[in-house]
Amino acid sequence: MSLKNNNPTKTIAWGKLNNHFREIKNKKISKYFDENSNRNNELTIKWKDFYVDFSKNRLEKKTINLFTELLKEIDLKDSIDKYFNGDKINKTENRAVLHTALRAENNSSLKLDGVDLQSKIKSAKNKIKRFSDSIISGSKKGYTNKSFTDIVNIGIGGSDLGPSMVVDSLKFYKNHLNTHFVSNVDGDHVNEIIKTLDPETTLFVIVSKTFTTQETLSNATTIRNWFLKKAKQEDVSKHFIAVSTNLEKVISFGIEKDNIFPMWDWVGGRFSLWSAVGITISLSTGFNNFEKLLKGANEMDVHFKEAEFDKNIPIILACIGVWYNNFYNCESESVITYSQYLNQFAAYLQQASMESNGKSVDRNGEKVSYSTGQIVWGEPGTNSQHAFFQLIHQGTKLIPTDFIGFAQSLHGNKDHQNKLISNFIAQTEALMNGKTLSEVKESNNDSFTTPFKVFEGNKPTNTILIDKLTPRSLGKLIALYEHKIFVQGVIWNIFSYDQFGVELGKKLANTILEDIQSNFSYDHDKSTNNLISHYKAKNTD
Ligand code: F6P
């Protein structure tokens with residue numbers, strides 16, 4: 001069964017939210033705190049090792065209650081059940097969306113089209129474990145009988161961003177293997193990576209759900225040719241493995257059947273790091289840590305399924321996002337991670353969120369009359385404070401921001417950690433309170449510069465403070481955002497799990513490639529024709 005079909009703006013609750021918005025839109029967040037000494041408790045969720053404070057927002061408990069009414073009116077519960085039960089909620093591709101099954105408890109049973117998924121998942125996990133154990137321990141060797149030292153993940157989009165972000169985020173837990181990621185079809189990317197590698201000790205993991213992606217196949221072919229400059233054809237099986245749904249294509253590329261790890265059409269690329277797509281995670285940190293990551297995600301799944309709407313972290317963050325997107329008309333939201341380990345988190349989230357909810361046709365097939373997916377962006381703090389925070393503090397745009405931080409550092413340097421977290425907390429305080437004209441005047445005698453030093457404040461933030469960055473807490477954090485994306489897609493009445501928007505560019509790139517490679521005349525618009533001619537004239541080496 002597919003998801004229900006409701007235009008959110010036509011619901012009774014949306015109407016109430018509109019009226020409520022008119023009443024409170026200009027109210028200062030700081031004023032709410034003056035009026036209600038219990039605000040912080042009302043608008044904070046403490047769950048396991050997560051402390052989620054959403055009190056520094058331009059909303060009140062009533063706002064959350066009205067959103068809860070909306071979620072009941074559109075029957076979010078029914079959507080959640082369909083999501084977890086394997087209904088084909090990816091209707092435009094006629095697929096289930098079951099990345100949650102990959103991290104479900106081993107004893108849970110789930111059938112899809114009559115086939116038991118748990119046994120498939122279990123056998124894939126066993127294969128990942130056996131394989132990563134053998135590489136990490138050195139029992140599996142390369143073609144000259146040396147142990148492996150380096151792993152190269154060849155993939156793009158969901159076959160790159162998730163594993164790459166997690167491997168980087170869990171660098172503290174890594175073993176002796178060095179992992180590299182080749183994604184861009186830019187030949188300089190692959191060449192920069194292979195120039196440092198020894199083919200005798202490098203394992204290549206080709207990750208492509210479809211095994212038709214131009215970037216991945218070009219990079220895999222270049223790497224195989226480079227490998228074959230030293231090794232022989234029969235050595236390929238010792239150094240190349242693949243993760244894909246497309247067995248035929250993988251085999252015709254020359255990968256042995258035993259070296260193929262499964263992927264399934266009920267797992268979307270951007271939600272696939274929990275499957276064998278995450279094999280680099282298991283190789284880099286050990287299977288045990290990979291399992292902890294899955295376990296953490298499963299804990300968030302259970303919380304999402306079971307917690308009341310108004311105490312449910314993904315649901316609350318989703319509603320707050322909709323509040324700013326559809327009522328305050330904010331175009332973007334930023335995510336600032338106060339951990340250098342989470343350097344790639346925003347990039348990962350950009351695909352997860354924007355490829356999912358960057359849609360403008362509703363579930364009726366009609367153009368939506370309201371705004372959908374936000375632009376997501378961000379960088380780690382404190383670096384970003386010295387880059388784009390100026391605009392968040394004093395620019396003309398309202399940019400709701402998620403602050404993500406960890407109470408404990410991994411290397412235990414308290415001095416640095418205190419400084420980092422002071423910044424983390426201070427920014428949310430400054431964004432909320434700002435600095436008034438009279439406050440500026442108190443410390444500034446120069447009347448000319450006074451207006452430039454005023455901070456309006458009232459800038460909304462969510463603070464997610466987690467005890468410590470571990471595989472398990474990272475699993476929870478990623479799953480939190482996955483479910484936020486799901487809930488927003490449900491509210492916006494769109495299909496979040498297809499990605500037709502990336503197809504046109506791919507097709508046209510192939511046409512232009514033919515034009516570049518042939519001597520025939522080409523027939524595009526004038527700008528495109530001239531660009532092709534200019535490139536051909538300049539690409540002389
Ligand atoms: O470009 C879009 C996309 O289809 C993503 O959704 C996907 O993660 C990526 O390409 C890679 O696809 P594949 O795993 O099939 O190579």
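Indexing begins at 1, ligand by ligand and atom by atom, following the structure's order. No hydrogens, no waters, no symmetry mates; every other heavy atom, side chains included, goes into these values. None of these values were measured; they are calculated from a predicted model.
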Would Glu215 count as a contact of ligand 1 if the rule is a heavy atom under 4.0 Å away?
-> no
Please verify whether a non-hydrogen atom of Met263 lies at under 4.0 Å from ligand 1.
-> no
Give yes or no for whether the N/O distance cutoff of 3.5 Å, strictly under, is met between Phe211 and ligand 1.
-> no
Quick one: list whatever passes side-chain hydrogen bond (donor to acceptor under 3.5 Å, both in side chains) with Thr245, sequence neighbours left out.
-> none
Heavy-atom distances under 4.0 Å are what count here, so tell me which part of Val502 touches ligand 1: side chain, backbone, both or neither.
-> side chain
Aromatic centroids of Phe271 and Phe486 separated by under 6.0 Å = no
Identity and distance of the protein heavy atom lying nearest atom 6 (O) of ligand 1 | Glu355 OE1, 2.7 Å
closest protein heavy atom to atom 15 (O) of ligand 1 is Thr210 OG1, 2.6 Å
Any N or O of Thr216 closer than 3.5 Å to N or O of ligand 1 = no
For atom 11 (C) of ligand 1, the protein heavy atom that lies nearest, with its residue and separation | Ile156 O, 3.2 Å
Closest to atom 14 (O) of ligand 1 (heavy atoms only, candidates Gly501, Ser159, Ser356) is Ser159
Thr213 heavy atoms within 4.0 Å reach ligand 1 at atoms 12 (O), 13 (P), 15 (O), 16 (O)
